[in-house]
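Just so you know, ligand 1 is whichever comes first in the structure, and atom 1 is the first atom listed for that ligand. We number each residue from 1, following the sequence as shown. Any value given below was found using the heavy atoms of this structure, including those in side chains, with hydrogens, waters and symmetry copies removed.
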Amino acid sequence: MTLRIDVVTIFPDYLAPLDLSLIGRARRDGLVEVHVHDLRTWTHDRHRTVDDTPYGGGAGMVMRPEPWGEALDEICSAVRGRTPRIVVPGPGGEPFTQAEARRMASEEDWLVFACGRYEGIDERVYEEFAGRYPLSVLSLGDYVLNGGEVAALAMTEAVVRLVPGVVGNEASLVEESHEDGLLEYPVYTKPPVWRGREVPAVLLSGHHGQIARWRHEQRVERTAQRRPDMLDRRAAGDGPQRPTISASE
Ligand code: 6GU
């Protein structure tokens, strides 16, 4: 079944990149169906108000529940016999990982991204819809963006590129950082010498066994330098693991 993605936002223009490049082509090829909605469609006052001051005081504004309620009621019931997963991007969510992207690409057929702005969405919206649909609050990482739009774009790209047929070379997808708990090895192409910098000799040697060993060492070294947390998880037998340790590495 074609993956369907709906995005609800007060800034539909933010999602313009979904028309481009890999996702744009996947849409034209019918591999994914994307709908972007303006949350203000579901307001009824002349100023199309979506936010208000927080009860209890504090900084900033909170998104009012009514537009979200009407928007999600309508969008989530738009396809008879299908149930979406609602995804609310936010810095307070569970980490969005490559494993979750893989799970979504293989197990979900409909994602509805609810992009909040300001200090967030009234908590009752989460309660209401988590009681009716599968719902995930997901974060890209430990930093704060202005809203969920960029995160919805990032998550959409991470999932859609894993849908069969979207990326030409399927093998290139499994040999990537975060697929097996190690970062990727450094890559080189022509020319063999550039500004006096040589391509590592082993890569020009034609010794496939040695090349595989060298690449594996580079992956471990690079991961230790940049992401020691990944090696810790690997040692603990946690997180992504290589399916087998073959002779070629
Ligand atoms: Cl998913 N949303 C927002 N607003 N900020 C973030 C984030 C998401 N992930 C990291 N920072």
Considering heavy atoms of the protein only, find what lies nearest to [atom] and give residue, atom and distance to 0.1 Å.
{"atom": "atom 9 (N) of ligand 1", "result": "Leu140 N, 2.9 Å"}
{"atom": "atom 2 (N) of ligand 1", "result": "Gly90 CA, 3.4 Å"}
{"atom": "atom 5 (N) of ligand 1", "result": "Leu145 N, 3.1 Å"}
{"atom": "atom 3 (C) of ligand 1", "result": "Pro91 CD, 3.3 Å"}
{"atom": "atom 11 (N) of ligand 1", "result": "Tyr143 O, 2.5 Å"}

Query raised in the report: Is Arg27 salt-bridged to Asp29, cutoff N-O under 4.0 Å?
Result: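 So Arg27 does not pair with Asp29 through a salt bridge.
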**Report entry** Pairing of Asp180 and Arg234 as salt bridge, 4.0 angstrom limit
**Finding:**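 No salt bridge links Asp180 with Arg234.
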Per-pair distances, 0.1 Å, donor-acceptor, side chain in residues 56-71, under 3.5 Å, sequence neighbours excluded:
unit_1: Arg64; atom_1: NE; unit_2: Glu66; atom_2: OE1; d: 3.3
unit_1: Arg64; atom_1: NH1; unit_2: Asp52; atom_2: OD2; d: 3.1
unit_1: Arg64; atom_1: NH2; unit_2: Glu66; atom_2: OE2; d: 2.6
unit_1: Glu70; atom_1: OE1; unit_2: His44; atom_2: NE2; d: 2.9
unit_1: Glu70; atom_1: OE2; unit_2: His44; atom_2: NE2; d: 3.1

Query raised in the report: Do Leu138 and Val88 pass the side-chain contact (heavy atoms from CB on, under 4.5 Å) test, and can you show the C-alpha distance, the side-chain angles, and the key distance before you say yes or no?
Result: CA-CA 6 Å; Leu138 296 177; Val88 188; over 6 Å; no
Query raised in the report: To the nearest 0.5 Å, how far apart are CH2 in Trp42 and CZ in Arg48?
Result: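 These two atoms lie 10.5 Å from each other.
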Requested in this report: Please tell me if the side chains of Ser136 and Ile86 come closer than 4.5 Å, counting only heavy atoms from C-beta onward.
Outcome: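 In short, these two side chains do not touch, never coming nearer than 4.5 Å.
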Report task. Check the hydrophobic clustering (I, L, V, M, F, W, Y; side-chain heavy atoms under 4.5 Å; chains of links allowed) and say if Leu183 and Leu203 are grouped together. Result ->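 No, separate clusters.
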Give the numbers and elements of all ligand 1 atoms closer than 4.0 Å to a heavy atom of [X].
{"X": "Pro89", "value": "1 (Cl), 2 (N)"}
{"X": "Gly147", "value": "3 (C), 4 (N)"}
{"X": "Gly141", "value": "9 (N), 10 (C), 11 (N)"}
{"X": "Ser139", "value": "1 (Cl), 9 (N), 10 (C)"}
{"X": "Leu138", "value": "1 (Cl)"}
{"X": "Ala151", "value": "1 (Cl), 8 (C)"}

Side-chain atoms of residues 154-162: list all donor-acceptor pairs with protein atoms under 3.5 Å, sequence neighbours left out, distances to 0.1 Å.
unit_1: Thr156; atom_1: OG1; unit_2: Ala152; atom_2: O; d: 2.7
unit_1: Arg161; atom_1: NH1; unit_2: Glu176; atom_2: OE1; d: 3.3
unit_1: Arg161; atom_1: NH2; unit_2: Glu176; atom_2: OE2; d: 2.7

